[in-house]
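Read the structure below first, then the notes.
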Amino acid sequence: MVGRYFVTTPIYYVNDAPHIGHAYTTLNADALARWHRLCGDEVFFLTGTDEHGLKIQRVAEANGITPIEQADRTSVRFRDAWELLDISNDDFIRTTEPRHRIAVQQLLTAAYDNGYVEKGTYEGDYCVSCEAYYNDDELIDGCCPIHKRPVEHMLEDNYFFKLSAFEDRLLEWLESDPDVIIPEGYRREAIGLVKQGLDDVSMTRSSLDWGVPVPWDDGHVFYVWYDALINYATAVGYGRDPERFAQWWPHTHHVMGKDIIRFHCVYWPAMLLAAGITDLPRYHVHGFLLVGGEKMSKSSLNQIAPADLVADFGVDGFRYAVLRDNSFGPDGDFSYEGLLTRYNSDLANTFGNLLQRVTTVVHKSCGGIGPAPDPHSVLRVKAERAVAESTEAWRRVQPSTALDATIRLVRDTNEYLQETEPWKLEPGIEVDRIMGDALEALRITALLISAAAPGAAQTAWERIGLSGRLDDQRLPAAGVWGGYTGGHEVTKGDPLFPRLKG
Ligand code: MSP
């Protein structure tokens, strides 16, 4: 169904350079944005950087610069990384922008006016790396369970958000529809968090000034997560353009890692309800990429810059291999060898190889002009199955399964050529029919793979003689067998994906 689709990534902290873990989330969100555009949806794709809070202030101090200098420097590194990876975001938000301050103040003032904020004193243990408080029973030897670093004891006057008032409404919402959080295991996790009982939570800080000021009390800034989550609303006009907000907000889809479920799937919907916004987002949650069993992060020394991998695999090779190799949901092992094997098997030896074979035979036996496919080709059923299966997998946010169905069509086409051996035939009807079928399979493959490998898909599109931007095509109509009408000038070229040695 054609409609609106607002897709987001988490906004990334500016203490750290972009690494593969960040790239994984962003690539999944980008592929979804591209797939939905291909299906004719009106898409708004948002990413950005999370720039306030104690962690950023401390890193800036350690680097001998101001927090805004720290934010400026690192934010641009995220922008550059996403440009390098051909990320098609429509907006890049920074939480230090004035548009965001307006939205934060307005949304939280609405919660305050509605009676969901009250003053108190907070005493608790805080992990600066998580920017989160922990209870005693969550600590391991006095340390944060995620970062394994000592927590800090905090005592200050705060405003509290009355999270406890939302237990019933949150449960009702979480149980109302299995698709609010997918995969299902993460929805159950969120339900479990709410069922444990929700305490009111501290939402402001008075010992810090690097944040959005609390409009009703000068000495306070909002605690960074309360500011950060609101970025999603800011970007679609909250606080500035009510009409735009009303258009986009009901179509919000948050793509994110499992580490931030509590904030996104419990606090954030409660904040929205507190401010009187009753449309709640949908969530697509993925696991961690692990290197040698450890979550990739600055502290684990396993950081790998996306640029290093792009240098080896190319943008499209990297994008495809990461999306195909890690199924969305569970944790996945990330390794160079894994990427290399995937790249060679699916791209160099299969998709790239088919394109090379087909363009070569068309030049040898069809005068370089691509013939039309047979409406009754055996490949037709396979292509229809690939379109149906990948469409369903993208709908369920399973890029890896969708790409598996896509590459199966390429394998089937290679097998078809292996059986019919058009390179041994004299020019004529028989060769034309086979090559028309193979070109049509390639056209459909280019469409289906374009969300993951947009550049390579466009190149394949042009090599088989199709004009214009593949991006202007629309499924399902463009996926129907017979779209390659024949008579197109086919070009030979360098291998789309050169084979790489280990
Ligand atoms: N700033 C907060 C998010 C605020 S959103 C309102 C934050 N930032 S972060 O820079 O730490 O990035 C968190 C996100 O990056 C994770 O939720 C996840 O999507 C992604 N990943 C970071 N490391 C990752 C892995 N090792 N594996 C997979 N994703 C990872 O939290």
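We count ligands from 1, going down the list as the structure has it; atoms in each ligand are counted the same way. One is the number of the first residue; the rest follow in order along the sequence. Note: hydrogens, waters and symmetry copies are ignored here, and every other heavy atom, side chains too, is used. No experiment lies behind these values; they were computed from the predicted model shown.
- Once rounded to the nearest 0.5 Å, the distance linking CG of Leu139 with SG of Cys127 reads 9.5 Å.
- Salt-bridge check for Arg282 with Asp177: passed, with a basic side-chain N closer than 4.0 Å to an acidic carboxylate O.
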Is there a side-chain contact (heavy atoms from CB on, under 4.5 Å) between Tyr159 and Tyr223 once you walk through the steps?
-> CA-CA 10 Å; Tyr159 285 92; Tyr223 167 52; over 6 Å; no
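- Within the listing of ligand 1, atoms 6 (C) sit less than 4.0 angstrom from a heavy atom of Ala228.
- Using 4.0 Å as the threshold, Phe334 has no heavy atom nearer than that to any atom of ligand 1.
- Taking 4.0 Å as the cut-off, Lys258 does not count as a neighbour of ligand 1 on heavy-atom distance.
- At least one N/O-N/O distance between Thr25 and ligand 1 falls below 3.5 Å.
- Interface atoms of ligand 1 facing Ile260, defined by a heavy-atom separation under 4.0 Å, are 17 (O), 31 (O).
- Contact atoms of ligand 1 toward His264: 5 (S), 6 (C) (distance under 4.0 Å to a heavy atom of the residue).
- At a threshold of 4.0 Å, the pair Glu138-Arg262 counts as salt-bridged, since one of the basic side-chain nitrogens sits closer than that to a carboxylate oxygen.
- The shortest separation from a heavy atom of Glu131 to ligand 1 is not under 4.0 Å, leaving the residue out of contact.
- Partners of His251 by side chain to side chain donor-acceptor pair (under 3.5 Å), not counting sequence neighbours: none found.
- Across Phe78, Tyr13, Tyr232, heavy-atom proximity to atom 7 (C) of ligand 1 is greatest for Tyr13.
- Heavy-atom proximity to Gly287, at under 4.0 Å, picks out these atoms of ligand 1: 28 (C).
- Salt bridge absent: Glu172 and Arg169 never bring a charged side-chain N and a carboxylate O closer than 4.0 Å.
- Annotation for ligand 1: atoms under 4.0 Å from non-hydrogen atoms of His19 are 22 (C), 23 (N).
- Ligand 1 does not have Trp268 within reach: every non-hydrogen atom of the residue lies 4.0 Å or more from it.
- With a heavy-atom cut-off of 4.0 Å, Phe263 does not touch ligand 1 at all.
- Salt bridge annotation for Arg73-Glu69: absent, with no cationic side-chain nitrogen under 4.0 angstrom from a carboxylate oxygen.
- The ligand atoms of ligand 1 that sit less than 4.0 angstrom from a heavy atom of Phe288 are 27 (N), 28 (C).
- Backbone and side-chain nitrogen or oxygen atoms of Pro10 are examined, and none is located within less than 3.5 angstrom of a nitrogen or oxygen of ligand 1.
- Ligand 1 places these atoms under 4.0 Å from at least one heavy atom of Asp259: 16 (C), 17 (O).
- Side-chain N/O atoms of His254 and His284 include no donor and acceptor closer than 3.5 Å.
- Aromatic ring centres of Phe222 and His52 lie farther apart than the 6.0 Å criterion allows.
- Short contacts between ligand 1 and Asp50, defined as distances under 4.0 Å to a heavy atom of the residue, involve ligand atoms 1 (N), 2 (C), 4 (C).
- The shortest N/O to N/O separation between Leu289 and ligand 1 falls below 3.5 Å.
- Electrostatic pairing of Asp72 and Arg94 counts as a salt bridge here, judged by a charged N lying under 4.0 Å from a carboxylate O.
- Ionic pairing of Arg324 and Asp404 is present here: one or more N-O contacts between side-chain nitrogen and carboxylate oxygen are shorter than 4.0 angstrom.
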